There are 2 protein chains.
Amino acid sequence: MPTIKDVARLAGVTVTTVSRVLNNRGYISDATRQKVYQAMEELNYQPNEIARSLHRRQSKLIGLIIPTVSHPFFGELAGFIEYYAHLIGYKVLICNSLLDRKKEKEYIEMLKSNRVDGIIMGSHTLEVEEYMNVNYPIVTFDRRISEEIPYISSDNYGGGKLATNLLIQKGCKKIAHISGNLQLQLLANQRSQAFIELSKEHGVESVIVETELNVFDITQYETMIRNLLEKHPDIDGVFASSDVMAAYVIQICYLLNKRIPEHIKIVGYDDIKLASLFVPPLTTIRQPIEEMAKCAVELIVKQVNEEPFERENVFPVQLMERLTT
Amino acid sequence: MPTIKDVARLAGVTVTTVSRVLNNRGYISDATRQKVYQAMEELNYQPNEIARSLHRRQSKLIGLIIPTVSHPFFGELAGFIEYYAHLIGYKVLICNSLLDRKKEKEYIEMLKSNRVDGIIMGSHTLEVEEYMNVNYPIVTFDRRISEEIPYISSDNYGGGKLATNLLIQKGCKKIAHISGNLQLQLLANQRSQAFIELSKEHGVESVIVETELNVFDITQYETMIRNLLEKHPDIDGVFASSDVMAAYVIQICYLLNKRIPEHIKIVGYDDIKLASLFVPPLTTIRQPIEEMAKCAVELIVKQVNEEPFERENVFPVQLMERLTT
DNA sequence: TTCAATATGTCAATCGTTTGACATAAAAAA
DNA sequence: TTTTTTATGTCAAACGATTGACATATTGAA
């Protein structure tokens, strides 16, 4: 690979001059500028970003740790994060923790070793203290870690409220909630909170099932939901904590010959792209994924530039009523 | 951030010694090793991977260019690629081209500038020559570029054949195929080829509609499929070139009150995780995504290490018969 | 005692780029 | 003509690590 020296030699100038045209600093005549460009062209020269990063002590990299990019919600989130990062010259290193503590820790170390400019954490299996030691520009999704670390979330409580209220208002008598893992102290737990409070408040019978830590074991989802619906055949409303879980519910209702929304109503959470393509199209609570992603990138950049930033970034949700309710 | 010098100073040794324990080279007594580890611990030292990369002229980075990670197929692919890359100490830079020629070109340049060790291309909007100039370890998904560049694909022709045959064998009289964009010279076009040949061979009436380049405009998909089914109400079988497209078909059939599989049968392609959760569960052609991802990573590594590798990596597909046929 | 193995140090170059300090020369402006 | 501006060059340090060549000292074994 050609270096700046090769370019200088070919253009008949010094590396200082080449660097000057490369970085638009100091005086440069059009003639030399052209010579230099031509030499770069001829050699197919690409400045070595690694060397640049080393020197300016900035990698223009953002680390993204999520459970897995193959989960539709995180896939969409990652897509938008990369989009907005790219707009301002940042690159994204992607890390799938699979909600494995060891992996998550490893990834944090790895990202620090690689001197990423900031870390966006969408996976949280570790204790608060472990994150506090990270001592790095961080943005968190759905988890409050400390007074300094900014976080992003949707209005989880509001979302839970919208979903639960809808089921009750539509006349459900016994409603179920399928929550994420409640041990991970996520703000998403507020969805469950809202569910519990509202169902109690309205005197509606309710059950909650909690998913295991390993969210990606398909068969487990299935048996869990199946058990739930078979044990409580009178459930006529389900609030699932994600659209993917809602898909499982729809599927199992279909297999159990429960008609949606006549026999049972279903509300999801996230509003992933495919939600509107389910049959029937899924009623769900929309998180503004794109705006949240944009915000995450901005929060990293602001920290890098030492600009002031908001610590709490809670985004409004929206009820997308479709045909499962 | 502490450097190797700080560690050396604190441990009371030279940087050479620290480097020796860091890289396990030469003679080191247990005592010094411990001192050094302790100093690293105390300073919370992380070797600067950027400096290391610069020196060894290897970034341990793989660039991944795909249309978008938010598409379920590519999300799953990306997830596995990152998984296998991580296993052998590689990191993944994701790039969503959105099938935009300019972006794709930019990303290739960017990845080269960042001296990634190899590029996995799952997005192909450029001409063959443009890739030939890349002159870099590359692996390609679903596209044959030159004699040197290895590619990975599923047995597209076989898959198209399985899908079409199934529809015909199930008694469909008029079948439709929704293809990807045929201008991009992808191997996926062989799915359409198979469809055309088999329907002709069996004397079954057939229509093909082709999606536009911008695969991510939702409304466009919808109107296209709607038009197809309204213009040809006698279509009783559809082979969609991806599961996501199949989801649209199912959805529209649902809206048009066409019963699946009684009135119309549907076959998808990919077997994304959600496919089995569709209602009805989608019959589809399974690509072995995980194996393909693993292969992609291996092909990069082999090129980096200058080991011999296969140029053609065509993976068998499998008919997953579920309830839409 | 002598030799080899073990353990550490010294020094400096290297990876590719940026940048500051300073020198010099030509062109343009006063 | 003199001064200022513009254009380029020279040189060397710095970013943070690795590594090779070589020196020196301490062990332990032969």
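Computed from a prediction, not measured in an experiment: that's the story for all the values here. In the text below, chain A, chain B and the rest are named by the order of the sequence lines, each starting its count at 1.
In the set C:dT17, D:dC15, C:dG20, the nucleotide with an atom closest to the side chain of A:Thr3 is C:dT17. For B:Leu54, the side-chain atoms get nearest to D:dG16 when compared with the rest of D:dG16, D:dT19, C:dT17. Side-chain proximity of B:His55 to D:dA17, D:dA14, D:dG20: nearest is D:dA17. Distance from the side chain of B:Ser29 is smallest to C:dA7 among C:dA7, C:dG16, D:dA17.
Applying the 4.0 Å criterion to OP1 and OP2 of D:dT18, one finds that B:Asn23 has a side-chain N or O inside that range. At least one side-chain nitrogen or oxygen of A:Ser19 sits closer than 4.0 Å to the OP1 or OP2 atom of C:dT18. In terms of phosphate contacts, A:Arg52 brings no side-chain nitrogen or oxygen within less than 4.0 Å of OP1 or OP2 of C:dG16. Distances shown here put a side-chain N or O of B:Thr17 below 4.0 Å from the OP1 or OP2 atom of C:dG9. Using a 4.0 Å cut-off, no side-chain N or O of A:Tyr27 falls inside it from OP1 or OP2 of C:dA27. Under 4.0 angstrom from either OP1 or OP2 of D:dG9 there lies at least one side-chain N or O belonging to A:Thr14.
Residues A:Tyr90 and A:Asp117 form a side-chain contact, since some pair of their non-hydrogen atoms from C-beta on lies under 4.5 Å apart. No side-chain heavy atom of B:Arg57 sits under 4.5 Å from any side-chain heavy atom of A:Met1.
Note on B:Ile28: only backbone sugar-phosphate atoms sit closer than 4.0 angstrom, heavy atoms only; bases stay farther off. Heavy atoms of B:Thr16 sit under 4.0 angstrom from at least one base atom. Across all strands shown, A:Val15 has no heavy atoms under 4.0 Å from either base or sugar-phosphate atoms. Using a 4.0 Å heavy-atom criterion, one finds that A:Ser53 contacts no nucleic acid atom at all.
Side-chain N/O atoms of A:Arg20 and base N/O atoms of D:dG9 include a donor-acceptor pair closer than 3.5 Å.
Using a 3.5 Å distance cut-off with no hydrogens or angles, the side chains of B:Thr14 and B:Thr17 do pair a donor with an acceptor.
For the side chain to side chain donor-acceptor pair (under 3.5 Å) criterion with B:Thr125, the lone passing option out of B:Glu104, B:Glu130, B:Lys102, B:Lys103 is B:Glu104.
For the atom pair CD1 of A:Ile28 and CZ of A:Arg20, the computed distance is 6.0 Å after rounding to the nearest 0.5 Å.
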